[in-house]
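To start, the structure under review is shown below, and the notes come after it.
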Amino acid sequence: MEPLYKPEGVEERWQETWEAEGLYEAHAERGGETFVIAHPPPNVTGELHMGHALQLALADTLVRMKRMQGFNTLFQPGYDHAGISTQNAVEKDLAKEGKTRHDLGREAFEARVWEWLRLYGRTIMTQFRRIGASLDYRRERFTMDDDYVRAVMRFFVHLYRKGWIYRDNRIINWCPFHETSLSDLELVHVEVDDALSYVTYPFVDGEGGVTIATARPATIPGDVAVAVHPDDQRYRDVVGREVVVPHIERHVPVIADGEVDPEFGTGALKVTPGHDPLDFEIGRRHELPEPMVIGPDGRMNAEAGDLAGLTQEEAGERIIAWAKERGLLEKRESYRHSVALCERCESRIEPLISEQWWCSMEELKKPALEALRERRVRYHPESQHRFAVDSLENAPDWNISRQLWWGHQIPVWYCPDGHITVDETEPEACAECGSIDLRREQDVLDTWFSSNLWPFATLGWPDDTPDLRVFYPGDLNTTAREIIRLWENRMIFSGLEIMGDVPFHDVVIHTTVMAPDGRRMSKSLGTGIDPLDLIAEHGADATRYGLLKMSSSQDVRFSHGAVEEGRKLANKLWNVSRLILANAEGIEPRVAPQETEERWILARLEATRAEMEADLAAFDFAHAVQSLYRLTFDDFCDWYAEAIKPRLYEKDEDAAATALAALERLLRLLHPVMPHVTEEIWSNLPGREARLIVSQWPEPDERFAADLGALDGVQDAAAIFRRSGVLVDLEGDGQRIFSAVVKPERVQANGNEEAERERLRKEIARAEGMLANERFVANAPEDVVAGEREKLERYRRELDALGG
RNA sequence: GGGCGGUUAGCUCAGUUGGGAGAGCACCAGCUCGACAAGCUGGGGGUCACUGGUUCGAGCCCAGUACCGCCCACCA
């Protein structure tokens, strides 16, 4: 064993060994209590990023502890086909050849996607392995696998037959590049500098007109009304009159609608139902026509008259010029506002009216809300629970169709008469008229529609499988905040609807790791830190430790120090193992405590076991690793190992055997967080048959717990060691030396002890002061007062022991 | 505009029913003694963002202010 622990090579070797020996595998027939995490499937085109790494570190720590505790543990891996993201990647690839997907046609494009995925996709599981994630990789699923597609079709048909899926013409977000609708959640908003144009719409009869403000003059030909707030006195006499829309010269009414903001612009809003979500609503309320003047390609269409074919920018300029010539342009001012972009291609989103498939939330959300309110699913932290409930309560109907070519094609067939046949597989004839001339719906489903099924489709649903019976429902899901509405809530209602039970009971909303400068980590900003670089430099164990350490609050700046701390911990563990192993040749681990320090370290190990279990039960990973760090560095290495050194050198068998036993317990506690270095050390221990990964988690041990109490309940090692006489200070330089163990009567006075006495005197003075305060004694809870009395007595005893 | 979170040492962050202001890194000093110099020992360093309140006592509880961040939102 080298004095410097080098994780490279060691970690890969154990990862391969564990997997080859089948130690990651879950088997339904094994029986016993289960612990299941269906890990969020990364995009099939994805690369490991900090979010994945953190998520894996959190989940794998739990999985490994549960595995050691004897649970039948399933950690489910797999990939999401990520419709628009994958299609976008392949289209970019095609663009390099100067082609678009239309040059290939749908079938050939789909084949191209599969080929592309064969070459470049599915790489992230290798990276998952490299961080030590103990997923059952044999069970890798893909949302486009035949079985999974069958599940998606079954789900769609199920919802359709319940009457919760319908088709409707509504305003949607349209990406002109991908030529598809997008949900609100697939957009990003950015601030842009634009112009706000004040244009006057003259009255049809009489002088003057109404001036509106618009940032999108190109939509003017789609105007069907001008709207003002009903209480707006400025326009009291105008409502009901007609005005002329510039350029297209359409006569439209002035209407009153409460949604108009009187504060904005002139307080008058041009109403364009075809190209604005708010206007669409107003239009429907007032039963206005819904002309569209912008086509799916983002350019002006035939409805726009002589502007047809122009870009919106060109059309807007033409219209503004037209108004200016006629004195209808009051002013133009610069205007900064946010616009919606497609999150994949950053094209500007066009709101337009389109026929889409929708999923009603009305009935689906009811049982899910009930489950959340009854805490059958708990969000952590608790504040996210309220957000989840609010989001679900207010969830609008869900646009589930996308005009993409990569995804699950909607299982709907049309006959020439327009009848609709819905089935899991291609029907032979129209269900209504028997026509065999059927054409399948071209749209595919929103990717999240299939992601919803992840917790049970990966287990074999719609078939009734042993896996499904044993491993559903699962236990928890870990995810980022922004995924709550996209995925978590939808998994909950899908699980309840299909399986009759929630898919998991806890949702851990994890920390967002920001760049060191506080900005979001992002490829485009160049602020990202590659977890694989961290693993290469410091090892997977150190990276896991660092990420867990950072996981305390809602957002945290990435800290190299936390990862380096993990590396130091691994190295420390490695070296203290060398000390013990070098002095315990031929000795078997045995708990045979002879001295105070041995009883003390066993008690500390026991206390830390309890702390760690409590911390992890509360998903407080940062505290768990902090406990482990203190235990290893402060207690085990700095105090215990130093204290037993002399006896180890003297070949004291009890001391060596106990040290081995203590080390075993330490390794077990650390394994969930730092699996590789602990397994490596474990393999060097005498008489080890089973791997550490499947060894038994330490059982609570009353002896040690009682000892900790007997040691005065004080966890301060210095106080205990000083009293036991193990701790001696050399005169003069204040060095702490253990090499000469002396009896209590030989404990020498020194600077440290004086400092300790001083500390105790201060404590005693404080406690005395409080207890002398009548109002404190009268008003404070009894146990607090009693606690102070106990402390006072204890401090006095300690001070006496130090000869103060 | 709404929601959530943050402000504690030079940096990243702990601080669990209100009673000692802490860790790691960085810095300074001293140590190669048979685990570890990626180490050990010791040390310096903070007006706990600000204002007010409650309390015998506030980093912690309450009200407000300022700044930072994230998420969400149909301001044309």
Ignoring hydrogens and geometry beyond distance, is a side-chain donor-acceptor pair present between A:His229 and A:Asp257 at under 3.5 Å? no
If the cut-off is 4.0 Å, is A:Arg578 near the phosphate of B:C36, judged by side-chain N/O to OP1 or OP2? yes
When the C1' atoms of B:C27 and B:U65 are considered, how many whole Å apart are they? 36 Å
Base, sugar-phosphate, or nothing: which does A:Tyr545 touch, judged by heavy atoms less than 4.0 Å apart? nothing
For B:U47, which nucleotide in any strand shown is its Watson-Crick or wobble partner with both distances under 3.5 Å? none
Between P on B:G5 and NE2 on A:His510, what's the gap in Å once rounded to a whole number? 17 Å
Any side-chain donor paired with an acceptor under 3.5 Å for A:Tyr198 and A:Glu333? yes
Which nucleotide in the list B:C70, B:G24, B:A38 gets nearest to the side chain of A:Leu4? B:A38
Nucleotide by nucleotide, 5' to 3', does protein get under 4.0 Å of the base (B), only the sugar-phosphate (S), or neither (-) in nucleotides 6-15 of chain B, counting heavy atoms? ------SSSS
Rounded off to whole Å, could you give me the CD-to-C1' distance for the A:Gln384 and B:C70 pair? 10 Å
Do A:Ser551 and A:Thr511 get their side chains close enough for a donor-acceptor pair, meaning under 3.5 Å? no
Does the side chain of A:Gln312 pick up a donor-acceptor pair with the side chain of A:Arg216 at under 3.5 Å? yes
Tell me whether A:Tyr629 and B:G24 count as stacked here, given that the ring centres must be under 5.5 Å apart and the planes must differ by less than 30 degrees. no
Is the A:Tyr379 ring parallel, tilted or perpendicular to the A:His385 ring (thresholds 30°, 60°)? perpendicular
Nearest whole angstrom, please: distance from the P of B:C70 to the CD1 of A:Ile483. 16 Å
Other residues, nucleotides and ligands only: do more than 12 of their heavy atoms fall within 6.0 Å of CD on A:Glu382? yes
Less than 3.5 Å apart, any donor N or O on the side chain of A:Asp541 or A:His676 sitting next to an acceptor on the other? yes
As an exercise, state the distance from NZ of A:Lys270 to CG of A:Asp279, rounded to the nearest 0.5 Å. 6.5 Å
For A:Val260 and for A:Asn571, locate the closest nucleotide of RNA chain B by heavy-atom distance; then report the residue assigned to the nucleotide nearer the 5' terminus. A:Asn571
Distance between C1' atoms of B:A58 and B:U51 (Å, rounded): 15 Å
Identify the nucleotide, in any strand shown, that forms a Watson-Crick or G-U wobble pair with B:U54, with both distances under 3.5 Å; if there is none, say none. none
If you only use heavy atoms from C-beta on, which nucleotide in B:C4, B:A35, B:C71 is closest to the side chain of A:Val576? B:A35
Take atom C1' in B:G5 and the same atom in B:A76, then report the distance between them in whole Å. 32 Å
Any donor-acceptor pair under 3.5 Å between the side chain of A:Glu263 and the base of B:A76? no
When both distances are under 3.5 Å in a Watson-Crick or G-U wobble arrangement, the nucleotide paired with B:A9 is none
From CD1 of A:Ile171 over to P of B:A76, roughly how many Å is that when rounded to an integer? 14 Å
Roughly how many Å is it from CG in A:Asp279 to P in B:A76, rounded to a whole number? 11 Å
Can A:Arg332 and A:Ser197 be said to form a side-chain hydrogen bond (donor to acceptor under 3.5 Å, both in side chains), step by step? CA-CA 4 Å; A:Arg332 291 191 94 175; A:Ser197 304; 3.0 Å; yes
To the nearest angstrom, how far is A:Lys572 atom NZ from B:G39 atom P? 7 Å
Output, in order, the C-alpha distance, side-chain angles, deciding distance and verdict of side-chain hydrogen bond (donor to acceptor under 3.5 Å, both in side chains) for A:Glu565 and A:Tyr629. CA-CA 9 Å; A:Glu565 193 175 304; A:Tyr629 184 91; 5.2 Å; no
Pairwise 5' ranking along RNA chain B for A:Glu565 and A:Tyr5, keeping only the more 5' one: A:Glu565
Polar-atom pairs under 3.5 Å, protein N or O versus N or O of nucleotides 72-75 of chain B: list them with distances, or write none.
{"residue": "B:C72", "atom": "O3'", "partner": "A:Arg485", "partner atom": "NH2", "Å": "2.9"}
{"residue": "B:A73", "atom": "OP1", "partner": "A:Arg485", "partner atom": "NH2", "Å": "3.4"}
{"residue": "B:C75", "atom": "O2", "partner": "A:Asp261", "partner atom": "OD2", "Å": "2.8"}

Euclidean distance, atom CD of residue A:Glu642 to atom P of B:C40 [Å, nearest integer]: 9 Å
What is the distance, rounded to the nearest whole Å, between atom CG of A:Leu569 and atom C1' of B:A23? 14 Å
